[in-house]
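Here the structure comes first, spelled out in structure tokens, and everything after it is commentary.
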2 protein chains.
Amino acid sequence: MLSQTEENYLKALFHLTEEYADKPEAGTNELAAMLNVKPATANDMLKKLKEKKLIHYEKYGKISLTSLGKKQAIDIVRKHRLWETFLYEKLEFTWDEVHEVAEQLEHIHSPKLIEKLEKFLGYPLIDPHGDAIPNAKGELKLQARKTLSQIAVGKTCKLVAVRDNSATFLQYVVSVGLGLSSKIKVLNRQEFDGTMEIEVNGKKSSVSERFANNIFVA
Amino acid sequence: MLSQTEENYLKALFHLTEEYADKPEAGTNELAAMLNVKPATANDMLKKLKEKKLIHYEKYGKISLTSLGKKQAIDIVRKHRLWETFLYEKLEFTWDEVHEVAEQLEHIHSPKLIEKLEKFLGYPLIDPHGDAIPNAKGELKLQARKTLSQIAVGKTCKLVAVRDNSATFLQYVVSVGLGLSSKIKVLNRQEFDGTMEIEVNGKKSSVSERFANNIFVA
DNA sequence: TATATTTGTTAGACTAACCTAACTTTATAT
DNA sequence: ATATAAAGTTAGGTTAGTCTAACAAATATA
Ligand SMILES: [Mn+2]
Ligand SMILES: [Mn+2]
Ligand SMILES: [Mn+2]
Ligand SMILES: [Mn+2]
């Protein structure tokens, strides 16, 4: 059985190389950064994960998940998102509070628990952040998503998900009037730095390109 | 913040010395046995827990919880029993399945989670095994309980709780027709080894003294 | 009370997960 | 093509939690 730490490494690799991936392989440094450890620490773990046939990896080479590693990673993601949904739907947690607790709950080992939880929640398809919830077989539709930064001036779009799950970011999102399914009108974009003028429910705001890169729309 | 391991030691000490305690102090060996570690391991932890002012302990002396240690222990017990109740009431887990998963869930750190969970469950007072659930202040009524082995021949009593939470024991309990609130009539007792003849819902069974010691009745 | 048994402690070793400091390889920019 | 910078690795060390083997103290027994 995998340790919590090993599970966290697989999940991070999944996010870096599979889900919303710009590229299909990851590097030691970015992986370490995502997990808040030093590259030397990540390097130790890479050797162990390779030994367990969970990742493809050669010294000085790029990293990717094996099909076994991917299966494990998706299982953690599934648990994470089902727990987030539980906290949000049943326990009155807010958007920005669910992620942190789900980081702990995702490591509870009990197949029965997660099956029953899924049933209890009515087989939800997306979590409170708009992310797809993998089914029991590990199937997951990777929605092709545009970011707000890619929307042309004058167009209107709908918020379908957020990339960053941190409380800081989500509270900021809420403060400009946004939530899942919000309609966003793009009023203007500065060529210089990508800063955008947007309108949500009649309220106008100015957001940075970095902000817009973290909002997925359709 | 306490580690999961430290939490498990405090909980074990609580069970040994506070709840249903024959005696108010514990020894290294029985503590180690309860946690499935070697006495040498437990000894190391005792030094650490003493350092953190969670237990009273002197070399070669007996062990007991400080008020701080007791407070922490009760908090774990509270979480354990609320989670057991959740699994039983909301997720269709059976009597004998809840304990093992609750052993993991009890270590999730989030005061908000446990408050909301308690509310969601309707502020339950007892868990699926009949054990009292401490409230948010750490208050817990320690019911004075008799065991089935103490009931006189000819008398009838009601099962209010079980001492052993293991799946093996609970499945045995179910197999003789027993559950929470079952009426038990004591038909006979062998002087030699305490073996008892009992009747539950018209069904007669013979149970050992050890079995009867693990059934709490009123 | 002397001896045997039980209980508890210490010393030394191991693994997982982390670190820093030094080094090597690969990539980038003159 | 070289020099610098970035990325990645290695060596050696720490802490938590575990173990075995040897020892010491306390308790029970003859
Ligand atoms: Mn999340
Ligand atoms: Mn999410
Ligand atoms: Mn239990
Ligand atoms: Mn219980």
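Proteins get letters first, then strands, A, B, ... in listed order; numbering begins at 1 in each.
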Atom CD of A/E58 and atom P of C/dT25 are separated, to the nearest Å, by 16 Å

Note: contacts of residues 39-46 of chain B with DNA chain C (heavy atom, under 4.0 Å) are B/P39, B/A40, B/N43

Whole-Å distance, B/I63 CD1 to C/dT9 P, equals 7 Å

Fill in: Electrostatic pair A/K11-A/E106, nearest N-O below 4.0 angstrom
yes

What residues 25-38 of chain B contributes to the DNA chain C interface at heavy-atom separation below 4.0 Å is B/G27, B/T28, B/N29

Salt bridge (charged side-chain N to carboxylate O under 4.0 Å, His left out) pairs touching residues 74-85 of chain A, sequence neighbours excluded, are A/E19-A/R81, A/R78-A/E118, A/R81-A/D127

- Query: Below 6.0 angstrom between ring centroids: does that apply to B/F211 and B/F169?
  - Reply: yes

In short, salt bridge (charged side-chain N to carboxylate O under 4.0 Å, His left out) pairs touching residues 139-153 of chain A with sequence neighbours left out are A/D131-A/R145

Sequence neighbours excluded, the answer for salt bridge (Lys or Arg N to Asp or Glu O under 4.0 Å) partners of B/K62 is none

Rounded to whole Å, the CD-C1' distance (A/Q4 to C/dA16) equals 13 Å

Between B/G61 and A/Y9, the residue closer to the 5' end of DNA chain C by nearest nucleotide is B/G61

Next on the checklist: I want to check one thing: is the phosphate of C/dT10, taken as OP1 and OP2, less than 4.0 Å away from some side-chain N or O of B/K59?
Outcome noted: yes

From OH of B/Y57 across to C1' of C/dT7 the rounded distance in Å is 11 Å

Item to complete: Verify the neighbour count for atom CD of A/E100: are there more than 12 heavy atoms of other residues, nucleotides or ligands below 6.0 Å?
Response: no

Whole-Å distance, A/M1 CE to C/dA16 C1', equals 15 Å

Using a 6.0 Å distance limit plus a 45 degree cone around the ring axis, check whether A/K90 lies over the aromatic ring of B/F120.
no

*Under 4.0 Å between a side-chain N/O of B/K47 and OP1 or OP2 of C/dT9, yes or no?*
no

Query - Pair B/K116 + A/E92, salt bridge at N-O below 4.0 Å - result: yes

Between OH of A/Y60 and P of C/dT25 the distance, given in whole Å, is 5 Å

Salt bridge (charged side-chain N to carboxylate O under 4.0 Å, His left out) pairs touching residues 25-44 of chain A, sequence neighbours excluded, are A/K23-A/E30

